[in-house]
Enquirer: 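Sharing a structure below in structure tokens format, with a few things to ask.
Please read all numbers here as calculations on a predicted model, not as lab measurements.
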Amino acid sequence: MKFLPQSLFGRLVLVLVVGLVLAQALSAAFNLHERARVVDRVSSLRWAQRSADAIHIMDTLSPAQRPRVAAILSSRRWRIEPLASAPAAAPADAQPASVRELQAGLQQLLKGNRPMIVRSLDAHLRPHNRSPLQWLMGVQQIAGVEIDAQLQDGHWLRIVQEPIQFGGHWSHGLLLQLVVLFCAVLLLALLAVSWITRPLSQLAAAALKLGQDIHRPPLPETGPREVRRAARAFNTMQARLARYIDSRVQLFTAISHDLKTPITRLRLRAELLEDDELRAKIGRDVAEMESMVLQTLAFLRDADGGEAARPLDINALLRSIEADVHDSGGTVSLAGRALKSYTAQPQALRRCLINLIDNAVRYGGSAEIVVEDDPAALIFRVRDRGPGIPAEQLERVMEPFYRVDDSRNPETGSTGLGLAIAQSIAQAHGGTLTLSNRVGGGLEATLRLPRA
């Protein structure tokens with residue numbers, strides 16, 4: 001879902017916050033509900049006591065005095081009325097539990113089995129008929145009651161208690177308490193989630209930087225047991241990769257050193273040949289062997305990424321490369337400029353750009369460099385008007401030692417490592433190198449280096 005946070009930190013915080021809010025709301029609702037239930041019981045006892053007191057007072061008065069005293073004792077929601085005759089019989093339907101409890105309490109206070117009729121006035125206001133919202137807010141609704149009790153002289157007395165509703169008021173103190181608890185638990189949750197996810201973030205960052213620097217410092221093996229195991233496995237993998245690359249570089253360095261002597265002997269013996277044509281052919285083969293060895297070593301060295309990165313003036317670097325190409329007889333044009341410096345390995349980035357420009361000059365006769373810079377990435381587009389490359393081979397040409405001799409000039413002496421080296425350098429800087437054919441003929445190499 002798009003509205004959900006994408007990071008593990010965000011999702012854990014969201015789950016904790018939602019759970020915390022629901023828990024606090026339900027806890028407050030249960031507390032309010034329990035408080036309302038207690039108030040209900042206390043109110044019933046108070047009504048029973050008040051009614052019993054009124055009946056005891058009326059027992060001591062004469063029939064003529066009772067109306068005047070009843071008016072004095074009555075209030076807006078609680079009324080006393082002497083009855084001229086006996087009331088109707090008790091209702092046949094079952095009364096609410098609160099009404100039965102009130103009648104039992106009243107009989108106990110009167111200390112006798114006095115004739116009495118207690119009925120509910122508004123059955124729809126019974127507590128179990130509250131809405132879910134009223135229950136959540138702790139609203140308590142109590143039905144009004146009508147008590148008909150017989151006095152000691154045989155006359156009847158009616159006591160009417162109007163329906164009431166109470167509860168549901170979230171006091172400022174309660175709200176402040178909930179806010180303080182919420183903020184405290186939220187702060188602890190943020191700290192806990194940050195503590196748990198920080199090692200995972202470090203592991204992800206280390207995995208991204210592994211391609212740029214295989215010899216980077218190992219990850220600290222801290223945090224929960226699972227995170228420590230993941231960091232330990234990552235450090236072991238990095239160490240094995242570093243040993244593999246180092247052994248490969250050492251292997252080819254040794255091969256290069258051992259091949260220098262026989263290559264030199266071949267060159268000397270070729271010079272002693274009297275056949276000029278044969279001597280020239282052997283000389284070209286020896287030169288190609290030497291070039292392959294040197295470029296292979298350069299490819300491994302660039303893949304190793306041992307050079308330190310530092311901020312570079314990209315515009316000065318491009319002007320220097322442009323001057324070198326002009327001095328060697330090539331044609332190159334430059335458009336656009338970098339807006340600020342870029343942190344990179346100086347010699348590696350220079351070699352990457354030179355390889356792309358050399359390819360454009362060699363196969364297209366000239367090179368056009370377009371620089372685009374924005375906060376997200378620094379982009380170099382190296383274009384030529386050569387024969388291009390078949391679309392199905394645009395990716396394969398960046399494989400080591402792969403050459404498209406049918407579509408490019410076969411008399412170049414290329415070993416097929418130039419684009420592979422350029423791609424390796426681009427990946428070491430966290431960037432990408434892509435090739436595409438231009439409309440109207442030619443090739444465009446796009447080197448994209450991220451700013452972040």
Enquirer: With rounding to the nearest 0.5 Å, note down the distance linking CG in Leu334 to CD1 in Ile321.
Expert: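 Going from the CG atom of Leu334 to the CD1 atom of Ile321 covers 9.5 Å.
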Enquirer: Do you see a donor-acceptor pair shorter than 3.5 Å between the side chains of Thr434 and Arg448?
Expert: no
Enquirer: So do the side chains of Glu146 and Val118 get within less than 4.5 Å of each other, counting heavy atoms only?
Expert: no
Enquirer: For side-chain contact (heavy atoms from CB on, under 4.5 Å), just list the numbers for Val371 and Leu378, CA-CA rounded to whole Å, side-chain angles, deciding distance to a tenth of an Å, and then say yes or no.
Expert: CA-CA 8 Å; Val371 182; Leu378 177 63; 4.1 Å; yes
Enquirer: For Arg350, is there an ion pair with Asp324 - N to carboxylate O distance below 4.0 angstrom?
Expert: yes
Enquirer: Give a yes or no answer on whether the side chain of Asp384 reaches the backbone of Leu443 with a donor-acceptor pair at less than 3.5 Å.
Expert: yes
Enquirer: With rounding to the nearest 0.5 Å, note down the distance linking CD1 in Ile379 to CG in Leu449.
Expert: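 The distance works out to 9.0 Å.
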Enquirer: Leu157 and Ala54: which non-hydrogen atoms are nearest, and at how many Å?
Expert: CD2-O, 4.5 Å
Enquirer: Check whether any side-chain heavy atom of Arg240 lies under 4.5 Å from a side-chain heavy atom of Met237, and answer yes or no.
Expert: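 Contact flag for Arg240/Met237 side chains = no.
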Enquirer: Hey, does Thr446 have a side-chain heavy atom less than 4.5 Å from the side chain of Phe380?
Expert: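 No, every pair of side-chain atoms sits at 4.5 Å or beyond.
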Enquirer: Kindly compute the distance separating CD (Glu444) from CZ (Arg383), expressed to the nearest 0.5 Å.
Expert: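 It is 4.5 Å, given to the nearest 0.5 Å.
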Enquirer: With a 3.5 Å distance limit and no angle check, can you tell me whether Ser424 reaches the backbone of Ala420 through a side-chain donor-acceptor pair?
Expert: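 Not at all, since once roles are kept as given, no pair shorter than 3.5 Å links the two residues.
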Enquirer: How far does CG of Asp59 sit from CG of Asp153, to the nearest 0.5 angstrom?
Expert: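 Asp59 atom CG to Asp153 atom CG measures 7.5 Å (nearest 0.5 Å).
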Enquirer: Do you know which two heavy atoms are closest between Leu106 and Ala48, and how far apart they sit?
Expert: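 Reported closest heavy-atom pair: CD1-O, 3.3 Å.
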Enquirer: Decide, yes or no, whether a salt bridge links Glu81 with Arg158 under the criterion of side-chain N to carboxylate O below 4.0 Å.
Expert: no
Enquirer: Side chain of Arg119, backbone of Ile147: donor and acceptor closer than 3.5 Å?
Expert: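 Checking the backbone N and O of Ile147 against the side chain of Arg119, no donor-acceptor pair under 3.5 Å is found.
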Enquirer: Of the non-hydrogen atoms in Pro67 and Pro63, which two are nearest, and what is the gap between them?
Expert: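 In this case the closest contact between Pro67 and Pro63 is CD-O, 3.3 Å.
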Enquirer: Quick one, Arg76 with Glu162, criterion salt bridge (charged side-chain N to carboxylate O under 4.0 Å, His left out). Give me CA distance, side-chain angles, the key distance, then yes/no.
Expert: CA-CA 8 Å; Arg76 184 172 62 89; Glu162 297 291 338; over 6 Å; no
Enquirer: Assess whether side-chain contact (heavy atoms from CB on, under 4.5 Å) is satisfied between Ser341 and Leu312, documenting all intermediate values.
Expert: CA-CA 5 Å; Ser341 62; Leu312 298 178; 5.9 Å; no
Enquirer: State, yes or no, whether a side-chain contact exists between Cys183 and Leu187 at a heavy-atom distance under 4.5 Å.
Expert: no
Enquirer: What distance do Glu392 atom CD and Leu394 atom CG have between them, rounded to the nearest 0.5 Å?
Expert: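 With rounding to 0.5 Å, CD (Glu392) is 8.0 Å from CG (Leu394).
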Enquirer: I need the minimum non-hydrogen distance between Ile117 and Pro87, along with the two atoms involved.
Expert: CD1-CG, 4.1 Å
Enquirer: Can you tell me how far CG of Asp53 sits from CG of Leu73, rounded to the nearest 0.5 angstrom?
Expert: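 Reported to 0.5 Å precision, the distance equals 9.5 Å.
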Enquirer: Are any side-chain N or O atoms of Arg351 and backbone N or O atoms of Ala422, one a donor and one an acceptor, separated by less than 3.5 Å?
Expert: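 Looks like no, no N/O pair under 3.5 Å.
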Enquirer: Does the side chain of Arg451 come within less than 4.5 Å of Asp373's, by heavy atoms?
Expert: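 A side-chain contact under 4.5 Å exists here.
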Enquirer: Any sub-3.5 Å donor-acceptor pair from Asp148's side-chain atoms to Met116's backbone N or O?
Expert: no
Enquirer: Go through it in stages, so that I can follow the logic: the residues are Arg381 and Leu356, the test is side-chain contact (heavy atoms from CB on, under 4.5 Å), and I'd like the CA-CA distance, side-chain angles, deciding distance and then a yes or no.
Expert: CA-CA 9 Å; Arg381 302 187 189 275; Leu356 298 178; over 6 Å; no
Enquirer: Where do Arg385 and Gly440 come nearest, in terms of heavy atoms and distance?
Expert: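 Answer, listing the atom of Arg385 first, then Gly440: NH1-C, 3.5 Å.
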Enquirer: Spell out, as yes or no, whether a donor-acceptor pair under 3.5 Å connects the side chain of Asn315 to the backbone of Ala338.
Expert: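 Side chain of Asn315 to backbone of Ala338: a pair is present.
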Enquirer: Taking Arg114 for the side chain and Gln150 for the main chain, is one N or O donor matched with an acceptor at less than 3.5 Å?
Expert: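 Looks like yes, one N/O pair under 3.5 Å.
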Enquirer: Take Leu110 and His56 through the test side-chain contact (heavy atoms from CB on, under 4.5 Å) and record every step on the way to the result.
Expert: CA-CA 8 Å; Leu110 293 174; His56 282 307; 3.9 Å; yes
Enquirer: Here's a test for you: under side chain to side chain contact (heavy atoms under 4.5 Å, CB included), which of Leu61, Ile80, Ile57 qualifies with Arg66?
Expert: Leu61
Enquirer: Is a side-chain N or O of Tyr342 found less than 3.5 angstrom from the main chain of Pro450, in a donor-acceptor match?
Expert: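 It does hold such a pair.
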Enquirer: Does any part of the side chain of Ser51, heavy atoms only, come nearer than 4.5 Å to the side chain of Trp78, both counted from C-beta?
Expert: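 Yes, their side chains come closer than 4.5 Å.
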Enquirer: If you count heavy atoms of other groups shown closer than 6.0 angstrom to CZ of Arg232, is the number above 12?
Expert: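 Buried by this count: over 12 neighbours within 6.0 Å.
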Enquirer: Which heavy atom of Arg50 sits nearest a heavy atom of Ser75, and at what distance?
Expert: NH2-OG, 3.7 Å
Enquirer: Ignoring hydrogens and geometry, is there a side-chain-to-backbone donor-acceptor pair from Gln49 to Arg46 under 3.5 Å?
Expert: no
Enquirer: Would you indicate whether the side-chain heavy atoms of Ile425 and Leu447 approach each other to under 4.5 Å?
Expert: no
Enquirer: Would you check if Val325 and Ile354 make a side-chain contact, meaning some heavy-atom pair closer than 4.5 Å?
Expert: no
